[in-house]
Amino acid sequence: MQQHVDEYYQILKDKMEVNLGYNAIDLETSFKKIRVSEQNLPNFVADLVRSASGTDIMMLNTGTIRSDCVIPEGILRLKEIYDMFPF
């Protein structure tokens, strides 16, 4: 059984390391900031959803963002997306 778990763990781990893009600045997801003031990551997510859906506006409840950290400038991986939005 452990062998099967290990195999799937490695597959998942490899998928989480997939590079999605590059962020030129730190992305703020810390709860103490995104829950009380406008920050760059929620704005970015709202802009992505608005653009993809073709709407003029998009409202985002920042309580849906679950990663309580600052994502440093650099490669943005699938892991960071799942950390932000695990549901």
Side-chain angles (χ1 to χ4, degrees):
M1 181 64 156
Q2 185 62 44
Q3 179 183 356
H4 292 297
V5 171
D6 291 343
E7 287 173 17
Y8 283 110
Y9 174 79
Q10 189 59 47
I11 291 168
L12 183 61
K13 184 178 173 188
D14 292 343
K15 287 184 179 187
M16 291 295 118
E17 296 300 319
V18 169
N19 295 337
L20 299 177
Y22 182 86
N23 49 305
I25 59 172
D26 293 345
L27 300 174
E28 183 64 63
T29 70
S30 60
F31 297 159
K32 67 182 179 181
K33 291 188 178 181
I34 66 171
R35 303 278 162 77
V36 298
S37 64
E38 188 172 353
Q39 297 296 322
N40 60 3
L41 181 91
N43 286 345
F44 178 59
V45 170
D47 287 344
L48 285 174
V49 172
R50 190 181 56 75
S51 177
S53 63
T55 62
D56 292 331
I57 63 170
M58 193 285 190
M59 296 179 73
L60 175 69
N61 176 348
T62 57
T64 62
I65 299 173
R66 300 300 177 141
S67 57
D68 185 18
C69 67
V70 174
I71 299 170
E73 171 188 349
I75 300 295
L76 185 63
R77 300 170 299 162
L78 188 57
K79 177 190 181 312
E80 282 87 31
I81 303 301
Y82 275 102
D83 287 346
M84 285 185 273
F85 302 103
F87 306 112

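One is the number of the first residue; the rest follow in order along the sequence.
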S.K.: List for me each residue that meets side-chain contact (heavy atoms from CB on, under 4.5 Å) alongside L20, sequence neighbours excluded, and say none if there are none.
M.R.: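 Partners of L20 by the side-chain contact (heavy atoms from CB on, under 4.5 Å) criterion, ordered by chain and then number, come out as V18, L78, I81.
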S.K.: Pairs in or reaching into residues 40-59: which pass salt bridge (Lys or Arg N to Asp or Glu O under 4.0 Å), with residues at least two apart or in two chains?
M.R.: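 Every pair satisfying salt bridge (Lys or Arg N to Asp or Glu O under 4.0 Å) with a residue in residues 40-59: there are none.
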S.K.: Taking the side chain as every heavy atom from C-beta outward, state whether L60 and V49 have any atom pair closer than 4.5 Å.
M.R.: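 Contact flag for L60/V49 side chains = no.
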S.K.: Nearest 0.5 angstrom please: T62 OG1 to M84 CE, how far?
M.R.: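 Rounded to the nearest 0.5 Å, the OG1-CE separation comes out at 13.5 Å.
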S.K.: What residues form a side chain to side chain donor-acceptor pair (under 3.5 Å) with S37, not counting sequence neighbours?
M.R.: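 Result, side chain to side chain donor-acceptor pair (under 3.5 Å) vs S37: Q39.
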S.K.: Quick one: list whatever passes side chain to side chain donor-acceptor pair (under 3.5 Å) with D14, sequence neighbours left out.
M.R.: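 So D14 forms a side chain to side chain donor-acceptor pair (under 3.5 Å) with Q10.
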S.K.: The criterion is salt bridge (Lys or Arg N to Asp or Glu O under 4.0 Å); which residues satisfy it with E17, sequence neighbours excluded?
M.R.: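 If we apply the salt bridge (Lys or Arg N to Asp or Glu O under 4.0 Å) test to E17, skipping adjacent residues, the hits are R77.
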S.K.: Could you tell me which residues satisfy side-chain contact (heavy atoms from CB on, under 4.5 Å) with F44, sequence neighbours excluded, listed by chain and number?
M.R.: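 Applying side-chain contact (heavy atoms from CB on, under 4.5 Å) to F44 gives L48.
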S.K.: Excluding sequence neighbours, so at least two apart, what forms side chain to side chain donor-acceptor pair (under 3.5 Å) with K15?
M.R.: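 K15 satisfies side chain to side chain donor-acceptor pair (under 3.5 Å) with no residue once adjacent residues are dropped.
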S.K.: Return a table of donor-acceptor pairs under 3.5 angstrom between the side chains of residues 23-31 and protein atoms on other chains or two or more places apart.
M.R.:
from, atom 1, to, atom 2, distance (Å)
N23, ND2, I25, O, 2.9
N23, ND2, P72, O, 3.1
D26, OD1, E73, N, 2.8
E28, OE2, S30, N, 3.0
E28, OE2, S30, OG, 2.2
T29, OG1, S67, O, 2.5
T29, OG1, S67, OG, 3.3
T29, OG1, C69, N, 3.1
T29, OG1, C69, O, 2.5

S.K.: How would you list, by chain and number, every residue that makes a side-chain contact (heavy atoms from CB on, under 4.5 Å) with Y9, sequence neighbours excluded?
M.R.: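 With neighbours one apart ignored, the set is K13.
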S.K.: My understanding is that a hydrophobic cluster links ILVMFWY residues whose side chain heavy atoms are under 4.5 Å apart, including indirect links. Using that, what else belongs to the cluster containing Y22?
M.R.: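 Noted: Y22 shares its cluster with I75.
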S.K.: Quick one: list whatever passes side-chain contact (heavy atoms from CB on, under 4.5 Å) with Q2, sequence neighbours left out.
M.R.: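 Q2 satisfies side-chain contact (heavy atoms from CB on, under 4.5 Å) with V5, D6 once adjacent residues are dropped.
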S.K.: Any side-chain heavy atom of I34 sitting closer than 4.5 Å to one from I65?
M.R.: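 In contact.
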S.K.: Suppose clustering is done on Ile, Leu, Val, Met, Phe, Trp and Tyr with side-chain heavy atoms closer than 4.5 Å. Which residues sit in the same group as Y8?
M.R.: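 ILVMFWY cluster around Y8 also holds I11.
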